[in-house]
> 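First, the structure itself, so that you have it in front of you.
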Amino acid sequence: MPFGNTHNNFKLNYKVEEEFPDLSKHNNHMAKVLTKEIYGKLRDKQTPSGYTLDDVIQTGVDNPGHPFIMTVGCVAGDEESYEVFKDLLDPVISDRHGGYKPTDKHKTDLNHENLKGGDDLDPNYVLSSRVRTGRSIKGFTLPPHNSRGERRIIERLSIEALNSLDGEFKGKYYPLKTMTDAEQEQLIADHFLFDKPVSPLLTCAGMARDWPDGRGIWHNENKTFLVWVNEEDHLRVISMQKGGNMREVFRRFCVGLQKIEEIFKKHDRGFMWNEHLGYILTCPSNLGTGLRGGVHVKLSKLSTHPKFEEILTRLRLQKRGTGGVDTASVGGVFDISNADRLGSSEVEQVQLVVDGVKLMVEMEKKLEKGESIDSMIPAQK
Amino acid sequence: MASSFTRLISKRNTAVLLAGLGAGTAGFLLSENSSLAAEAKKKLYPPSSDYPDLRKHNNCMASALTPAIYAKLRDKVTPNNWTLDQCIQTGVDNPGHPFIKTVGCVAGDEESYEVFAELFDPVIKDRHNGYDPRVMKHPTDLDASKITHGMFDENYVLSSRVRTGRSIRGLSLPPACSRAERREVERVVVTALAGLKGDLAGHYYSLGDMTEKEQQQLIDDHFLFDKPVSPLLTCAFMARDWPDARGIWHNNDKTFLIWVNEEDHTRVISMEKGGNMKRVFERFCNGLKQVEHLIQERGWEFMWNERLGYVLTCPSNLGTGLRAGVHVRLPKLSKDPRFSKILDNLRLQKRGTGGVDTAATGDTFDISNLDRLGKSEVELVQLLVDGVNYLIECEKRLEKGQDIKIPSPIVQFRK
């Protein structure tokens, strides 16, 4: 809650042992890292906006997780959370992002011309291509913590910035609150509409408060560039199109993002970014580039091959169902995207997707012909 | 466009504001001194910018919360540092249904009802048929011997049940409590219950530690409560840290049971198969009195005052917090078009046999008292008893092909 959390000071009347959460049945990064010592050290701290340790970890306490799926189990309420609660978040970040150290520096590269290839993925297999990231506006708290007033200003700032885009980026904003039924149907048909979060991972972190106040969707006339406002992050920026031309998708992504950032900077406001963590977002899993670049690709044969998972791991890719995170694949079509976010640049991550998907499509074709793919199995990237 | 943009977010403005507060430079915003930053933020975000959009809402909070009341109360805190925004979050997140008016706000502690009285008083008045906490007093009466005709025809009444809630004074309520407080509630209650004897002697089952076998037995007995899924509860922060410090206590006879740390500190339930509502209510009163005595021995007490009666999390449960009800078969009456009106006039409500917001199965209904505040426990149970007897009479008459009458409405509050 905004304007300071004096309720936290009241809890300090109780000893650490009395307040420490029971994490004995939990499987998430926060539960693996949080000891009574760390809890004792951090529990009387607050960020300048009043976000506390209990706020950071509530979602991880309420969602013990699954033995096979390791969730993060904590969120940031503002930019300063990553500083004030370093003792918890640095080890969580290290666990989640392949050993990333507190002294490491993150590289940002949004120059789409540095991408090699990516315009020739076979559209018989690659049905669609998409790149998304998030951006947080400096000076405001994040979705788990922000007040209605802050959220509305974020919406207003975003609309003003987006409405000043032109050319291929000219578009329109649809606030969730006042959308007509016809608009809603169209947005669903376009696969653009986002729902009120039902995942307890998000709701327990306070991100669905006051829904749908201050939330909306902006997209360009061509329906290839879209921005979600105030869902899990201040902004989620998405570039997408049917077919396999990831190069074009990435070009539009980079150009659009940079135009938006320029407009914010012109008014003395930027995105949250620093050279250690890259772009600052609500969930520690999205730090760095916050980028998920992926395709919907038909891999009916490869997906049933015993080495499928290993191939994905070596290519630094992950699979999801075509409904997004935590959904199952339908008809042999998978969502394949980069697994990394922090420690490598946007160009590097999209390059991995482009190269990796190209290889997997070739493997699929081989398997269709009844040939072996053993010689094609890549080394660990 | 540019000017409104810059006015909204110019760092220079913030610096000017902070300088006005005597803070110096804009760098102060990022310092450890959170209270000055909080002050500056309050000026940047006046209550009007934070006032929720309630135009599509149908709940008591939305009807009562004007921008003026919000502005007055937004920056207040209770002694436990609970705020108005936290009280109303559930009502903002759940616009409700045009046909069902929910309450839309909860208390975080006993003092919420005082500190935010300007919101809670009109909400209470709306929900409790005009009961005005500013001028009226609530009567408490747990003398079960006063109940008459409390034995129902068991050809119709399948089971009888009385429930209420009790809060432990000095500890925050489920929306606000920290883990330590919740564990303290559990400790206080479980220690007291261990002192019950005779037909009330029993056992505590902690939700976190129960075995599969115990869990299955509790489900079969219809005792087990689940982690809340209703957004009315989850948006009010009541499911935090589940299942830490939650549990169920029941006596060996399985006729008296207590839920610990679900929607309230305790929910106390007396129930039996059959129609002996008088005995159910006797056990209810007797058990409550004994538990109260046992916690008083250790220096604790229940939250109660003469304005609001027993203080519970949801304003709808203030007063007696009492819901007395039966599962009753009414195959003919339930199809009669006058059924709803009869229930209304008798101050009764129907629910499905799964409890609140469920549908009836077959012809069996859960019938219980509508009111909670402004009438005593004895009065409400007597109303239920008289009402159910009347419904059974109607059913018997319809069976014989005779006609039934809609009874005159019952008077609200004593003058």
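None of the values given here were measured: they were computed from a predicted structure. By convention in this document, chain letters (A, B, ...) are assigned in the order of the sequence lines, proteins followed by strands, and residues within each chain are numbered from 1.
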> Which bit of A:D62 comes within less than 4.5 Å of chain B, counting heavy atoms only: side chain, backbone, both or neither?
both
> Determine the interplanar angle of the B:F225 and B:W259 rings, folded into 0 to 90°, and report it as parallel if under 30°, tilted if 30 to 60°, perpendicular if over 60°.
tilted
> Does A:Y279 have A:R135 sitting over its ring (NZ/CZ under 6.0 Å from centre, angle to axis within 45°)?
yes
> What orientation do A:F10 and A:Y14 show, parallel under 30°, tilted 30 to 60°, or perpendicular over 60°?
perpendicular
> With only heavy atoms counted, which part of A:E17 is less than 4.5 Å from chain B, the side chain, the backbone, both or neither?
backbone
> Any donor and acceptor pair, going by atom type alone, linking the side chain of B:R169 with main-chain N or O of B:M303 inside 3.5 Å?
no
> Could you check which of B:C235, B:A239, B:S178 has the highest count of heavy-atom pairs closer than 4.5 Å to chain A?
B:S178
> With a 4.5 angstrom heavy-atom cut-off, could you sort out which part of B:I88 is near chain A: side chain, backbone, both or neither?
side chain
> For A:K15, which atoms come within 4.5 Å of any heavy atom of chain B: side chain, backbone, both, or neither?
neither
> Please state whether the side chain, the backbone, both or neither of A:E19 comes within less than 4.5 Å of a heavy atom of chain B.
both
> Which bit of A:L23 is near chain B, if near means a heavy-atom gap under 4.5 Å: side chain, backbone, both or neither?
neither
> Within the 3.5 Å criterion, strictly below it, is a donor on B:T102 or B:N59 matched to an acceptor on the partner's side chain?
no
> Evaluate the side-chain proximity of A:W218 to A:N163: yes if any heavy-atom separation is below 4.5 Å, no if none is.
yes
> Counting heavy-atom pairs closer than 4.5 Å to chain B, which one of A:D210, A:D22, A:V61 comes out on top?
A:D210
> Measure distances from B:R183 to the heavy atoms of chain A and classify the residue's part below 4.5 Å as side chain, backbone, both or neither.
side chain
> Can you tell me how the ring of B:W82 sits relative to the ring of B:F237, calling it parallel under 30°, perpendicular over 60° and tilted otherwise?
perpendicular
> Between A:N63 and chain B, which part of the residue has a heavy atom less than 4.5 Å away: side chain, backbone, both or neither?
neither
> Under 4.5 Å from any heavy atom of chain A, what part of B:R55 do you find: side chain, backbone, both or neither?
side chain
> Where does B:S172 contact chain A at under 4.5 Å (heavy atoms): side chain, backbone, both or neither?
side chain
> Run A:S49 and A:E80 through side-chain hydrogen bond (donor to acceptor under 3.5 Å, both in side chains) and show every step you take.
CA-CA 9 Å; A:S49 72; A:E80 296 82 357; 5.8 Å; no
